[in-house]
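Heavy-atom basis, side chains included; hydrogens, waters and symmetry copies ignored. All values derive from a computational prediction rather than experimental measurement. In this chain, residues are counted from 1 in sequence order. Both ligands and their constituent atoms are indexed starting at 1 by order of listing.
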Amino acid sequence: MNYILPKIKRNGFNSEEISIQIKSLIDKLGKDLELKKEEYLYILDNISNNDTEYLFNKAYEAKLHYYQNRVYLRGLVELSNHCKMGCKYCGINYKVKTIARYRLLKDEIIECCDTGYTLGYRTFVLQSGEDSFYTDEYLEDVLKTLKSKYTDIRITLSLGERSYESYKKLYDAGADRYLLRHETASKRLYEHIHASFMSFENRRECLNNLKEIGYQVGAGFMVGSPTQNNKDLVEDLLYLKELNPHMVGIGPYLCHSDTELKGNLSGTLTETLIMVALVRLMLPKALLPATTALGTLDKLGRENALKVGANVMMPNISPTESRELYEIYQDKICTGDTSIVCRGCIETRIKAFGHSIDLSVGDFIDIERNEKND
Ligand code: SAM
């Protein structure tokens, strides 16, 4: 059971008075780029389906203002499904015994990026379960090889929690960006959905360290996690405003039947789109992916996200053989495809929804500007 957005869940309608109040708060968010805690809560407690169109249109306008209808593509390589962490929602956490484990070695990682480069991608996202096999030295070698081979690329890492020193070494070896979702900014909820050896504070410390080192940083959260309530979601919004990340990954929680959280409801499309739209208004320059989890939940989930403010997609360039083993949630899309099929499919989908693909490195907008001004 989750307890978010009650009127959306019940499909209840609002009186004109409440709708007017919600619209004026949405306008205020678009103008001031922030709201007070109780104002966010008012929106989440009261928003109904008849108010969402207004929110979605405003968020779409905010995206067009900075990014027009361009969608940045990033080639995603899923390095390994070995993981020492205990995220109770995740199908590759260390306790799950039902999957075969795999790991890509340096040459295989480079090969995936070579294919991705040929397909036009100029950002590679190297994502993995927390696998101690990938020492700093190993990753430094991979990063340096990629960066010396291709001078016009960006590398995003998404390898979980590491020490300040490790993040610094990887940054110095050529990593440009780091994705580390905070998962939830509510300590209560964090502790409910993670193993007791994991630390809410350490995850935040990692995000602060990454920012301090100079990475373009991506935080993010799941929508609809078991026991999540509107106050928890307000914490996410307040935390994101404070952290001011360059990227924010927002996806629905998708229940995996081999995890400790089996039997819970998954998050829904509308709930997730509402959070994407609010974040677009609050952080108008942020890079916001239309997540694979949304595409898994609903055939047009990612396209819908583009219409409410998302501006990034991450087609998979992992070897086809390993894709279905990176099963963080079940029925994940694109697991049977090759990189070339994914490339064509994504482009067709993006164009069908009135957007165009952008194959530039796609840095955070102010970073691009700084470089141009140098
Ligand atoms: N280990 C790295 C980390 O912790 O950031 C990256 C890999 S982790 C599998 C990537 C993301 O998958 C997580 O941040 C989490 O939000 C998401 N994820 C995992 N299980 C999920 C589920 N059942 N439903 C939705 N998202 C999930």
Side-chain angles (χ1 to χ4, degrees), residues 2 74 76-96 98-99 101-104 125-134 139 156-162 166-167 170 175 177-185 189-190 193-195 198-200 202-204 206-207 210 215 217-226 228 236 245 247-269 271-272 275 289-298 301-302 314 316 318 322-323 325-333:
N2 64 52
R74 327 292 204 193
L76 173 69
V77 191
E78 295 158 340
L79 306 190
S80 161
N81 69 355
H82 289 265
C83 191
K84 61 184 181 206
M85 289 307 219
C87 308
K88 293 182 190 171
Y89 44 85
C90 183
I92 64 168
N93 84 61
Y94 82 100
K95 278 191 173 169
V96 176
T98 45
I99 41 162
R101 303 280 172 171
Y102 79 94
R103 151 183 317 128
L104 302 186
V125 181
L126 309 185
Q127 190 179 82
S128 179
E130 294 213 15
D131 183 352
S132 311
F133 171 85
Y134 296 120
L139 292 167
T156 304
L157 298 178
S158 179
L159 308 173
E161 298 173 31
R162 301 175 78 96
S166 171
Y167 287 147
L170 302 180
R177 311 181 188 133
Y178 205 102
L179 301 179
L180 185 80
R181 288 187 180 181
H182 63 281
E183 310 298 1
T184 167
L189 179 57
Y190 184 92
I193 61 176
H194 292 95
M198 293 177 68
S199 157
F200 175 76
N202 190 57
R203 196 119 184 133
R204 288 180 168 217
C206 286
L207 282 161
L210 290 162
Y215 282 94
V217 172
F221 59 100
M222 286 182 299
V223 180
S225 314
Q228 188 175 50
D236 286 314
M247 307 172 278
V248 186
I250 302 166
Y253 158 69
L254 297 177
C255 187
H256 189 305
S257 63
D258 294 340
T259 63
E260 281 171 77
L261 294 178
K262 69 181 170 206
N264 281 289
L265 290 179
S266 294
T268 68
L269 177 66
E271 289 164 355
T272 310
M275 297 314 295
T291 54
T292 308
L294 261 179
T296 299
L297 181 68
D298 185 290
R302 290 176 298 175
M314 299 195 195
N316 205 322
S318 309
S322 60
R323 286 184 192 197
L325 300 176
Y326 197 80
E327 195 193 50
I328 54 183
Y329 40 78
Q330 285 149 322
D331 304 319
K332 200 163 136 237
I333 50 171

- prompt: Which ligand 1 atoms are under 4.0 Å away from a heavy-atom of Tyr326?
  reply: 7 (C), 9 (C)
- prompt: Under 4.0 Å from ligand 1, counting heavy atoms only, is it the side chain of Met222, its backbone, both or neither?
  reply: side chain
field: Phe221 near ligand 1 by a heavy-atom separation under 4.0 Å
entry: no
message: Using a 4.0 Å heavy-atom cut-off, which part of Met85 comes near ligand 1: side chain, backbone, both, or neither?
response: neither
field: ring-ring contact (aromatic ring centres under 6.0 Å, His included) partners for His82, two or more places apart
entry: none
message: One residue to check: Cys87. Relative to ligand 1, which of side chain, backbone, both or neither has a non-hydrogen atom less than 4.0 Å away?
response: neither
message: I'd like to know if Gly249 contacts ligand 1, where contact means a heavy-atom distance under 4.0 Å to any ligand atom.
response: no
message: With a cutoff of 4.0 Å, is Gly267 in contact with ligand 1, counting heavy atoms of the residue only?
response: no
message: With a heavy-atom distance limit of 4.0 Å, tell me whether Ser128 approaches ligand 1 through its side chain, its backbone, both, or neither.
response: backbone
field: Gln127: partners by side-chain contact (heavy atoms from CB on, under 4.5 Å), with sequence neighbours left out
entry: Leu76, Ser158, Tyr326
- prompt: Would Glu78 and Ser322 count as having a side-chain donor-acceptor pair, cut-off 3.5 Å?
  reply: no
query: Side chain, backbone, both or neither: which part of His256 has a heavy atom under 4.0 Å from ligand 1?
result: neither
field: Best match, Asn264, Leu254, Ile328: closest heavy atom to atom 24 (N) of ligand 1
entry: Leu254
- request: Check whether any heavy atom of Ala293 sits under 4.0 Å from an atom of ligand 1.
  value: no
query: Can you find a protein heavy atom under 4.0 Å from atom 15 (C) of ligand 1?
result: yes
Gap between atom OG1 of Thr156 and atom OH of Tyr215 - 0.5 Å precision: 10.5 Å
query: Looking at His194 versus Tyr89, is the centre-to-centre ring distance below 6.0 Å?
result: yes
- line: In terms of heavy-atom contacts, Arg181 and Arg203 come closest through O-NE, 2.8 Å
message: Considering Gln127, Gln330, Arg203, Lys332 one by one, which has a heavy atom nearer to atom 3 (C) of ligand 1 than any of the others?
response: Arg203
